Amino acid sequence: ARCLPDLLEPGDTLGVASGQTVFTLSEHVTRRAVPDLTVVQMVGAVNSPYGFDSESCASRIAAAFGGRCVNLHVPAIVSSAAMAEALQRESVIAAQLCELDHINKALFAVGSCEIDSHIVTSGIAGPEDLADYRARGAVGLICSRFIDKAGNHLPGRLDERMIGLTPDKIRGLSTGILVSSGAEKIVGMAAALQGGYATHLFTDLPTAAGIVELGNAATS
């Protein structure tokens, strides 16, 4: 939260994901005017059990920097692929989704694949969905999409019903800011680093040590 202003420049378009860590950051971010900043919500609306929504993550950060906020006024997941396609064709939603093509920096967290993870408690994935993705090699989530150990997006039965940015859109940006911590997220965070999504990592010492240990084990 203290460092984020130093990673932004006038004219940036910052994509912001959702999640408890990102929301907590938004509550404590150091306020500073960043001229001509645009903040774009990267994931559709989620009913979080933790008392926040996806829209507030982006809007709070935009307000802290005096930037323009582009919210994504659709659910993160809908009942059918046909519904997802129809909503994305709506002119207002299509214009909001087009803003995702202009992001040059991204702020995101990595979710875990545990049964009590946010992807399950928020209602995006059920236990059977989680088991299916895990059986095919999922180790974490970026923008509510599953990734494998190499950091590659792992499409599955939920993806065609989801609305929002896919991980490949933030791979290789000029600045990718990963904020996460916790033993259950170590494998997923290591995958995100391996996949080239993050240029900056903010975490705690035990999690950082776990990532280093995992990397050393893989190369030994």
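We count residues from 1, following the sequence as given. No hydrogens, no waters, no symmetry mates; every other heavy atom, side chains included, goes into these values. Small disclaimer: the values here were computed from a predicted structure and weren't measured.
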Go through it in stages, so that I can follow the logic: the residues are Leu165 and Ile103, the test is side-chain contact (heavy atoms from CB on, under 4.5 Å), and I'd like the CA-CA distance, side-chain angles, deciding distance and then a yes or no. CA-CA 11 Å; Leu165 178 141; Ile103 62 175; 3.7 Å; yes
Is any side-chain heavy atom of Ile77 less than 4.5 Å from a side-chain heavy atom of Leu158?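 A side-chain contact exists here, since the closest heavy-atom pair is under 4.5 Å.
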Are the side chains of Leu25 and Leu4 in contact, using a 4.5 Å heavy-atom criterion?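 In short, these two side chains touch, coming nearer than 4.5 Å.
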Under the 3.5 angstrom rule, does the side chain of [X] hit a backbone N or O of [Y] as a donor-acceptor pair?
| X | Y | result |
| --- | --- | --- |
| Thr24 | Gln20 | yes |
| Ser54 | Val46 | yes |
| Glu114 | Asp116 | no |
| Arg145 | Gly164 | yes |
| Thr207 | Gly182 | yes |
| Thr38 | Arg68 | no |

Under 4.5 Å between side-chain heavy atoms, hopping through other hydrophobics if needed: is there a path connecting [X] to [Y]?
| X | Y | value |
| --- | --- | --- |
| Ile170 | Leu107 | no |
| Ile142 | Met42 | yes |
| Ile211 | Phe108 | yes |
| Met189 | Phe202 | no |
| Val179 | Val212 | no |

On a heavy-atom basis, which atom in [X] and which in [Y] lie closest, and how many Å separate them?
| X | Y | answer |
| --- | --- | --- |
| Leu173 | Asn104 | CB-O, 3.6 Å |
| Ile124 | Ala76 | CD1-CB, 4.1 Å |
| Ile163 | Leu72 | O-CD2, 4.3 Å |

Take atom CD in Glu27; do more than 12 heavy atoms of anything else shown fall under 6.0 Å from it?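 Enclosed: over 12 neighbouring heavy atoms sit under 6.0 Å from CD of Glu27.
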When you look at CD of Gln88, are more than 12 heavy atoms from neighbouring residues, nucleotides or ligands closer to it than 6.0 Å?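 Buried by this count: over 12 neighbours within 6.0 Å.
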When Asp129 is tested against each of Arg134, Arg136, Arg157 for salt bridge (Lys or Arg N to Asp or Glu O under 4.0 Å), which residue passes?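 When Arg134, Arg136, Arg157 are each tested with Asp129, the salt bridge (Lys or Arg N to Asp or Glu O under 4.0 Å) holds only for Arg157.
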Checking side-chain polar atoms at under 3.5 Å, does His73 have a donor or acceptor matched by the opposite partner on Gln96?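 Per modelled atom types, His73 and Gln96 side chains form a pair under 3.5 Å.
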Any donor-acceptor N or O pair under 3.5 Å, side chains His153, Asp148: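 The answer is no; no qualifying pair exists.
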Give the ring-plane orientation class for Phe146 versus Tyr133, where under 30° counts as parallel, over 60° as perpendicular and anything between as tilted.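 Parallel.
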I'd like to know if Arg32 and Asp6 make a salt bridge, using a cut-off of under 4.0 Å between side-chain N and carboxylate O.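 Yes, Arg32 and Asp6 are salt-bridged.
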Presence of salt bridge, Glu55 and Arg60, under 4.0 angstrom: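 Glu55 and Arg60: not salt-bridged.
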Spacing of Lys185 atom NZ and Leu178 atom CG [to the nearest 0.5 Å]: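 If I round to the nearest 0.5 Å, the distance is 9.5 Å.
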To the nearest 0.5 angstrom, please state how far the OG1 atom of Thr199 sits from the CD1 atom of Ile177.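 Reported to 0.5 Å precision, the distance equals 6.5 Å.
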